[in-house]
Each structure stands twice: as structure tokens, then as C-alpha cells.
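Please read through the structure below; I'll follow up with questions.
These numbers come from the heavy atoms of this one structure, side chains and all, not from hydrogens, waters or symmetry mates. Every chain is numbered from 1 and lettered A, B, ... according to where its sequence line falls, protein lines coming before strand lines.
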Number of protein chains: 2
Amino acid sequence: MTPRPDHEPARRGTLRRDAERNRDRIVRAAQELFAERGLAVGFNEVAHHAGVGVGTVYRRFADKEELIHAALAEPLGELAEAARRAGEAERAWDGLELLLGSITELLVDNLGLRDVALGGGGWRLGRSTVERVADVLRYLLDRARAEGDLRDGVAGDDVMMILWLVTDLAQHSVQVRPRLYRRYLQVLLDGLRAAPDRAPLVEEPTEQQVLAICRRWAGAPL
Amino acid sequence: MTPRPDHEPARRGTLRRDAERNRDRIVRAAQELFAERGLAVGFNEVAHHAGVGVGTVYRRFADKEELIHAALAEPLGELAEAARRAGEAERAWDGLELLLGSITELLVDNLGLRDVALGGGGWRLGRSTVERVADVLRYLLDRARAEGDLRDGVAGDDVMMILWLVTDLAQHSVQVRPRLYRRYLQVLLDGLRAAPDRAPLVEEPTEQQVLAICRRWAGAPL
DNA sequence: GAGAAGCGGATAGCGTGCATCCGCTTCAAC
DNA sequence: GTTGAAGCGGATGCACGCTATCCGCTTCTC
């Protein structure tokens, strides 16, 4: 028999019953792990979490890109949908707050999504979604500027940097205080606004929590 | 002969002339590399950069902690000194701005220093310095609150988180736009203030730069 | 010029992650 | 039931990067 390389993908639908079931398990496991810990999670771990052997994972997915695609198709859709909704806001600034709020929430709750969305195009996947979001962002930013809600000198790229900052913070703090990132998103957004808000700050952390977060951020030092 | 383990430290001053010279080279190399890229730099690289073999490094420094100590003693002093100066400010808020500004600058220009200073106590070294800075910080924060300059609900720990955020940003952007971090430090500080400043934003990045920074932030993805 | 002190860098050990291979199990068509 | 293809598991090999050691050779110093 031809020892067909492990990863040759039998066309979907032609799979044996048990194989189909395993494939689903794998995708679900990947979704969970990627969401929780980002795309750095390895095949071995995905396999174990799905309750199958590594071989089985490689048999269904030629490489990581393919697995990521299967695991992130849906959340990418949500991202695009969030952008669409925000684009319809009456006042552009409200749309911006809504968009930033929902994007960060999506990215924070799914760190794998964050990796592809902010990956600077490093992952081919999802580039079109990112483009769509960026378009809405630019549109809202221009309108908000015209409506006088935007602080002088704010650039579109500032929003990009803020997304990185906030989701990076979130990555280190989710386990300790899931919504802490909102506090600093609030401060940053307030700082981009022409007339500041000064609403009471949300999500005040305890000293314990801050210490724990610092330790995580520093990584296990040696 | 007793094959004295490589790293047994001959007492300083008893070193042979050439050995002394090499030791200095190593410390200088470590200072440079740690400052530029943080404490993750390995012994091998330090050795190579100093123009000596790895063995020579291990002979003088029993472990990484010892080398770090030698390389960071001076910058740690600068940190303490910056805190002292800031504590003497007339108005507490000015002291805070000064302190945050100089701390971030020191930490950004020396990423190794950042690693020990923010390391959540993971590195024994420098704990006393960090304590001293924290004391000044608390003192200024209390005074600023009393003087009515601080936004309601700002906690001392917020400053800690801001230091992490800003220096983390800096870590990914120094190579591209060395002072970009000032822009977001400005926004964040503005957000902690009772009456906002709205000074024109500094250091506007180009689209090119933002893209480059994102790519670095994402790491080389695979 | 002798011997202690110092040197370099090959090498071993370790941890992590990707990818493959192959003997065994399970399915499903007959 | 039988049988052969499809599928399975996970040990295994490879590559990488870092720490740490060892030992034959060189250099300094008295």
C-alpha cells in the first residue's frame, strides 16, 4: 500500500464516523486553548486536551495555519460584525467607544484572535477581516474629528497602539482580574477625547492582584 | 592539583592583570546587552560580545544573579537618586510627573533594569531600591491627592501598572521610534489628573513605524 | 624557566516544540 | 463474521537555545 503521508486530508464528509468525531473534538480543544492562551499553544497540548494522539491532529491538519483557521473562523466573523454595528452609531465618538470596547473584549476573551488580528499581517488568515475593521475605524475617526470630539493630534494609529497596550495588559491579568483592562482602556480613551469625561474609574485592583499580575508579567524569572 | 571548580571567585584585587581586564570587559558587555535587550540575554552571548570564552564568564561569576548585580549596581543607584529628587518637588503632582518621566526613561533605556525593577520581587537584587522608590511614590500620591490634583479613585497600584504598560510598549518600539512611549505616558498621566491638561500630543508615529512595531510585538509568528 | 593562574570553546545536559513513523485497533462493506 | 482500508496513539527523532562543566593549551609573574 502507498504509505500516504499522515496529513493528507481526506475530503471532509468522506471521513469515517469516529474520525469525524475526533476532528470535532480537536477543533473544540483548539478553540478553547487558543482563546485562553493564544496561538503559542502547541499541537501536543491541543491533542492531549482533545483526548487524542498528536498523530491524529497532524493527520487532519497539515499545519498550524490550517488548525487556526478552523478554530478562529467564527470569532473572526464576530469581529467583523462588531465593526459593522459600531459603524452605524449616531455620533462617531460613541461608535468609537463601542468599537474599541467590543474589539478589546473580543480580543481579550480570545487571545488567539488577538494574535491574528494584531499580528501585523504575519498570519495570512483574517487579513480581510482586519482590513474591514480598520476601514470602519478610519471612518469613525474622521467623523469624530469633524464633530469636534477628538483631541488634537490623535492619529488612527494611536488606536492600534492602544489595542496592543490594553490586550497585552489583559493577557497578563485575565487570570487574576478578568476585567482590569477596562480601567486602563477607560483612562486611555478619556485621553483621546477633546473634552474629557472623568467618570469614576472602574475595576480598582487590590494590592495583592497587582503583585500577582507583576509576577506574571515578569515571567518566571531565573 | 585540586581542580578548583571553574567559578570559584578569586578575591577581587588578587586577580592577575589580564584576568582583571577580562572581568571588566565582561561587565561592560553585560551592561550593554542587558540595557539593550533585557536580562534574557544568555551567558554565551555576553561572552562573545566581550571577546572572551564562556568559561571565562563562569569563572568570574557563579551565576546570572552575580553578573546582573555587577552590571546593574550603578543604574539602580540612578533610580534611587531620581526618586530622591522627585520627592523634593514643591507641588506633589509635579513630582509625580517628574518621577514617572525619569523612571520610565531609565527603565526604557535599560531594559535589564526594567526586568529587576518591575520583576515583582522575582529577582532578589534591587528589592531595597524598589522599596525606596515605592515609598516616594506613595508619599507623592498622598500629597497630590490632598492638593486636589489627583483624579478620584486613582490608586498607588495604578502607577505600577502604568510603568509596566509603558515600558512594555517601549520594549517593542525602541528600535523603531525610541521615544514613542512618551506619547502614551502623556495620555495616561493626563488621565490620572483631576483637571486634564490636553497639551498637544508628542511623538506622532508614522504608519510605517506603527506597522513595524506591530510586527515586533507579534513576534516572529509561525 | 617553572608553575600557578587563566583561557577558550567543545561538549554534555536539559527543556520545549514540531513533525513523522509504524504496530495496533476500529469501522463498515460485504 | 471476515477482511482490508481507515484511523489511531504516542514513542521517537530533529532542531533549537540556554546553562554549566571540563580539560588541553597559553600567559603571566616571580
Checking Glu45(B) now: which residues fulfil side chain to side chain contact (heavy atoms under 4.5 Å, CB included) with it, not counting sequence neighbours?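 Applying side chain to side chain contact (heavy atoms under 4.5 Å, CB included) to Glu45(B) gives Leu33(B), Arg37(B), Val41(B).
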Hey, can you tell me if Trp217(A) and His172(A) have their rings parallel, tilted or perpendicular (30° and 60° cut-offs)?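 Rings of Trp217(A) and His172(A): parallel, under 30°.
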Applying side chain to side chain contact (heavy atoms under 4.5 Å, CB included), can you list everything that pairs with Arg16(A), at least two apart in sequence or on another chain?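 Arg16(A) satisfies side chain to side chain contact (heavy atoms under 4.5 Å, CB included) with Asp18(A), Ala19(A) once adjacent residues are dropped.
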Applying the Watson-Crick and G-U criteria (both distances under 3.5 angstrom) with [ ] for crossing and | for other-strand pairs, one obtains for DNA chain C ||||||||||||||||||||||||||||||
Nearest-0.5 Å distance that lies between atom CD1 in Ile213(A) and atom CG in Leu169(A):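 Taking CD1 in Ile213(A) and CG in Leu169(A), the distance rounds to 7.0 Å.
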Does Glu97(B) have any side-chain hydrogen bond (donor to acceptor under 3.5 Å, both in side chains) partners at least two apart in sequence or in another chain, and if so, which?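 Listed in chain order: Trp93(B).
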Give Asp63(A) one of three labels, base, sugar-phosphate or nothing, depending on what nucleic acid heavy atoms sit under 4.0 Å from its own.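 Nothing, no heavy atom under 4.0 Å.
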By nearest heavy atom, map Ala40(B) and Thr56(A) onto DNA chain D; which one lands nearer the 5' end?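 Result of the comparison: Thr56(A).
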Return the residues of residues 42-52 of chain A meeting this criterion: a heavy atom under 4.0 Å from some atom of DNA chain C. Order them by number, or give none.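 Here the set is Gly42(A), Phe43(A), Asn44(A).
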Could you check whether any side-chain N or O of Asp115(B) sits under 3.5 Å from a backbone N or O of Leu39(B), counting only pairs where one atom can act as donor and the other as acceptor?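 Yes; at least one donor-acceptor contact below 3.5 Å.
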Nucleotide by nucleotide, nucleotides 24-30 of chain D touches protein heavy atoms under 4.0 Å in the pattern (B base, S sugar-phosphate only, - none) ---BSS-
Does the side chain of Tyr58(B) pick up a donor-acceptor pair with the side chain of Asp63(B) at under 3.5 Å?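 No donor-acceptor contact under 3.5 Å links the two side chains.
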Salt bridge between Glu88(A) and Arg84(A), side-chain N to carboxylate O under 4.0 Å?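 Here Glu88(A) pairs with Arg84(A) in a salt bridge, since their nearest N and O are under 4.0 Å apart.
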I would like to know whether Asn44(A) and His48(A) meet side chain to side chain donor-acceptor pair (under 3.5 Å); could you show each step before the answer? CA-CA 6 Å; Asn44(A) 252 303; His48(A) 187 257; over 6 Å; no
Figure out the CD/P separation between Glu65(B) and dA20(D), and round it to whole Å.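 Atom-to-atom, Glu65(B) to dA20(D), this comes out as 12 Å.
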